[in-house]
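Quick notes on the structure that follows.
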Amino acid sequence: MSEIVVYDEKGHAVGCVPTDSCFKKSTDRAPLTYVRYVRDNKKEMVIDLKSLVGITRIVCVPRNDGNSVFPGSVYELFYYGMDGWESLGIKRAEDYNVEYEDVPAGALYWLKCLTGGVEERIFTFTDKDGIRFF
């Protein structure tokens, strides 16, 4: 696991600290670091939230190569139109997704990270099939 992020009822990330130092990389906000799990260590990950908090969601980010969407990174979404690749704009991710409005339906898309990973894939999206990579 790369990161674990706990959100309160207002949608804010809550500062949390694992009680065992072997899990500290899971809360360092660095998506390329990760916790290496050893099957025989028999440790449980316990997180201290420091106060009573109403939790609305928990995001677990798997070990990755930096080619996912991460808060603070900058992205540009393209679609393939009549004149080739056309930009739908540049946005900074506030969370582990990035949202665009007025995206043409039924197109071929390309999300490019301008601040991180270099592996990119084109994809389609439909309500029926979800995301389909090529």
Indicate, with yes or no, if [Y] and [X] share a hydrophobic cluster defined by side-chain heavy-atom contacts under 4.5 Å among Ile, Leu, Val, Met, Phe, Trp and Tyr.
X: Y100; Y: V69; value: yes
X: Y109; Y: L114; value: no
X: V98; Y: V103; value: yes
X: V61; Y: Y34; value: no
X: Y75; Y: Y96; value: yes

Which side-chain N or O atoms in residues 7-16 pair as donor and acceptor under 3.5 Å with protein atoms at least two apart or in another chain?
{"unit_1": "Y7", "atom_1": "OH", "unit_2": "D95", "atom_2": "OD1", "d": "2.9"}
{"unit_1": "D8", "atom_1": "OD1", "unit_2": "K10", "atom_2": "N", "d": "2.9"}
{"unit_1": "D8", "atom_1": "OD1", "unit_2": "G11", "atom_2": "N", "d": "3.1"}
{"unit_1": "D8", "atom_1": "OD1", "unit_2": "H12", "atom_2": "N", "d": "2.9"}
{"unit_1": "E9", "atom_1": "OE1", "unit_2": "G54", "atom_2": "N", "d": "3.2"}

For the pair E3 and T33, evaluate side chain to side chain contact (heavy atoms under 4.5 Å, CB included) and give the outcome as yes or no after the intermediate values.
CA-CA 8 Å; E3 290 293 310; T33 64; 4.3 Å; yes

CD (E99) and NZ (K91) are apart, to the nearest 0.5 Å, by 7.5 Å

Taken to the nearest 0.5 Å, the spacing of S26 OG from M1 CE works out to 4.5 Å

inquiry  = Using side-chain heavy atoms (C-beta onward) and a distance below 4.5 Å, is V53 in contact with V6?
reply    = no

*Indicate yes or no: at least one non-hydrogen side-chain atom of V59 is less than 4.5 angstrom from one of I4.*
no

Original post:
Between the side chain of T115 and the main-chain N/O of V74, is any donor-acceptor distance below 3.5 Å?
Top reply: yes

query: Would you find a donor on one side and an acceptor on the other, under 3.5 Å apart, between the side chain of R92 and the backbone of G72?
result: yes

Do K112 and F78 meet the cation-pi criteria used here (NZ or CZ under 6.0 Å from the six-membered ring centre, within 45° of the axis)?
no

All heavy atoms of C113 vs all of S73, minimum pair found to be SG-CB, 4.3 Å

